[in-house]
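Please read all numbers here as calculations on a predicted model, not as lab measurements. All ligand and atom numbering here is 1-based and tracks the order in the structure.
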Amino acid sequence: GRRDFLHAGAGVAAGVAAAGGVSAGPGATRRAVADAGTSRSAAPAFHGDHQQGILTPAQRSAAFVALDVTTASRAELGDLLRTITERARFLTTGGTPPDPGLTAPPRDSGVLGPTVVPDGLTVTLSVGASLFDGRYGLASAKPVKLRTMDEFPDDSLRREVCDGDLLLQVCADDRDAVTHAVREIARATRGGMGVRWRQDGFVSPPRPSGTPRNLMGFKDGTSNPDTGDAALMKQLVWAHGGSGEPAWVTGGSYHVVRVIRMLVEFWDRVNLHEQENMIGRRRDTGAPLTASAEHDDPHFENDPTGDVIQLDAHIRLANPRTKASADQRMLRRAYNYDGGVDANGTLDMGLVFVAFNQDLDRQFVAVQKRLAGEPLTDYIQPFGGGYYFALPGARDSSDWLGRSMLA
Ligand code: HEM
């Protein structure tokens, strides 16, 4: 029989149906919330060929939670993934958890009030290489490029905050919706998995306009492939089964997370000119040093010896804009983090670098190798994260994330 991770949660879903909450789609939720005088957004549709949280423009707040699965059998792993899917479906749709009365534990944390608002929530589930290690008979189903994260020359990885069987990327417009989702998924899956590491992040509003900034003060995400271009996404983001990959991967994507500390006290003592030379863009406008507006092309071909944009500037190494590098582009979806101070009283902040790519080696790894030794490496310290594979989407209400992987 199916392991009931969701004892309380199943009640929530059933109760919502009884209360008519499930039939209140995103539109209804938006209306209800608007009535309450706020402008909270509905979450993107949950079902489809791909999961949400990949092409979705980055919401303001995020949690990256890596988990190790503790279930005993492959069947129980299926139950676990189905439970996560059901929770994600409910949380991203919103609705009213049933009232269990005063003598039973509440069916929801209550953090979002009596009615769960979607708040632009996306829950994206990805799998790590260790899930395919043999415990669940999945060795032949492993996406071929998936492995524990490589240690690059400038890294100092702390393995206890790397990798993991699963990764949940939870993003929403407000922090409380992220916190609530993480907590409700933890409640529903108790005993089935444990947290290995977690890193939270935030995206700032554009200041003053254009792309939001990272904590080095530079706009981050300017030169990203156009997520509205379906053909380009098919070429750069979505994996395809066949030619070496297992059939089930179609519609998924290699999901790279690199938690990179920024040595901001050190960075803040560097003059602006030098900062801009390291990146290759102006700090105020985000424009390439060879141009005037944020989205202008840098035209490296007109600056072949690096007189204006150094040959080892970050953007030049990351995307030399040659014929060969066109296929190496990736979709970045980074978050800032601020973790307070470390034991030495040094500010602990940086970037949760996130990228989705069709082929880990052709794209992320090729670019990361080219960045080795760039001047920026003196100011950053990659220490955590991992390589994961974002599962294909759940097609409809009877489907669940990972079903085709386990079939
Ligand atoms: C672009 C910062 C790490 C790949 C940029 C830009 C900035 C930036 C300011 C220019 C604006 C933009 O187009 O987004 C940083 C910082 C990092 C970091 C501060 C570390 C803390 C990485 C890593 C990779 C990477 C680890 C991949 C291995 C790229 C790519 C671009 C880019 C592909 C776009 C280049 C282009 O098409 O012009 N980064 N980055 N970055 N970065 Fe990074």
Side-chain angles (χ1 to χ4, degrees), residues 58 149-155 157 199 201 203-204 206 210-226 232 236-237 254-264 266-268 270 272 275-291 293-300 309-310 312-322 325-338 348-357 360-387:
M149 190 160 68
D150 298 316
E151 174 131 23
F152 295 93
D154 304 309
D155 292 359
L157 300 184
Q199 180 70 58
V203 172
S204 317
T211 307
R213 295 175 187 274
N214 64 33
L215 296 177
M216 284 180 164
F218 281 79
K219 293 184 176 184
D220 196 331
T222 301
S223 171
N224 237 349
D226 176 6
L232 190 62
L236 297 178
V237 175
Y254 284 95
H255 187 177
V256 176
V257 179
R258 300 257 293 163
V259 189
I260 306 174
R261 185 167 179 182
M262 291 172 170
L263 311 179
V264 290
F266 188 26
W267 176 259
D268 287 344
V270 174
L272 182 61
Q275 290 186 358
E276 291 183 336
N277 282 341
M278 282 188 239
I279 299 293
R281 289 183 177 272
R282 285 191 52 163
R283 200 173 79 162
D284 54 0
T285 59
L289 297 178
T290 46
E294 183 187 346
H295 291 282
D296 287 350
D297 190 284
H299 287 295
F300 296 137
I309 299 184
Q310 296 176 176
D312 59 3
H314 185 70
I315 65 164
R316 201 156 184 165
L317 290 175
N319 182 4
R321 292 171 171 74
T322 57
S325 69
D327 231 22
Q328 299 174 343
R329 287 174 301 158
M330 65 195 89
L331 181 64
R332 290 171 294 134
R333 200 174 184 282
Y335 279 84
N336 301 319
Y337 81 85
D338 182 354
D348 176 19
M349 56 179 78
L351 190 75
V352 187
F353 172 91
V354 178
F356 292 96
N357 40 181
L360 181 66
D361 288 317
R362 187 190 84 213
Q363 296 164 275
F364 171 76
V365 173
V367 171
Q368 181 66 74
K369 281 186 174 158
R370 229 178 9 241
L371 292 175
E374 63 170 331
L376 192 62
T377 57
D378 287 345
Y379 302 89
I380 60 180
Q381 190 60 224
F383 65 91
Y387 293 158

(request) Using non-hydrogen atoms of the residue, decide whether Arg329 is closer than 4.0 angstrom to ligand 1. (result) no
(request) Check Thr211 against ligand 1 and report side chain, backbone, both or neither, counting heavy atoms closer than 4.0 Å. (result) neither
(message) Below 4.0 Å, non-hydrogen atoms only: which portion of Met216 touches ligand 1? Side chain, backbone, both or neither.
(response) side chain
(request) Around atom 36 (C) of ligand 1, find the nearest protein heavy atom and jot down its residue, atom name and distance. (result) Ser223 OG, 3.2 Å
(request) Determine, stepwise, if the pair Arg283 / Gln275 fulfils side chain to side chain contact (heavy atoms under 4.5 Å, CB included). (result) CA-CA 8 Å; Arg283 200 173 79 162; Gln275 290 186 358; 3.1 Å; yes
(request) Provide, to 0.1 Å, the distance between atom 12 (C) of ligand 1 and the closest protein heavy atom, together with that atom's residue and name. (result) Thr222 N, 3.3 Å
(message) Checking the N or O distance criterion of under 3.5 Å, is ligand 1 in contact with Asn319?
(response) yes
(message) Just to be sure I understand the site: which N, O or S atoms from the protein are less than 2.8 Å away from atom 43 (Fe) of ligand 1?
(response) His314 NE2
(request) Would you kindly say whether Ser223 and Arg321 are connected by a side-chain donor-acceptor distance under 3.5 Å? (result) yes
(message) Is there a polar contact, in the sense of an N or O pair closer than 3.5 Å, between Arg258 and ligand 1?
(response) no
(message) Quick check: Gly221 and ligand 1, any N/O pair under 3.5 Å apart?
(response) yes
(request) Report the relative orientation of the aromatic rings in Phe353 and Phe364; use parallel for angles under 30°, tilted for 30 to 60°, perpendicular for over 60°. (result) tilted
(request) For ligand 1, indicate whether the residue Leu351 contacts it via side chain, backbone, both or neither (heavy-atom separation under 4.0 Å). (result) side chain
(request) Scan Arg213, Arg282, Lys219 and name whichever one has a salt bridge (charged side-chain N to carboxylate O under 4.0 Å, His left out) with Glu294. (result) Lys219
(request) Any atoms of ligand 1 less than 4.0 Å from a non-hydrogen atom of Met262? List them with their elements. (result) 19 (C)
(message) Could you tell me if the side chain of Ile279 sits less than 4.5 Å from the side chain of Leu289, heavy atoms only?
(response) no
(message) Check contact between Lys219 and ligand 1, using heavy atoms of the residue and a distance below 4.0 angstrom.
(response) yes
(message) With a 3.5 Å distance limit and no angle check, can you tell me whether Asp155 reaches the backbone of Leu157 through a side-chain donor-acceptor pair?
(response) no
(request) Considering the heavy atoms of Phe218, write down every atom of ligand 1 situated less than 4.0 Å from one of them. (result) 9 (C)
(request) Apply side chain to side chain contact (heavy atoms under 4.5 Å, CB included) to the pair Gln363 and Tyr254, showing each step before the final yes or no. (result) CA-CA 10 Å; Gln363 296 164 275; Tyr254 284 95; over 6 Å; no
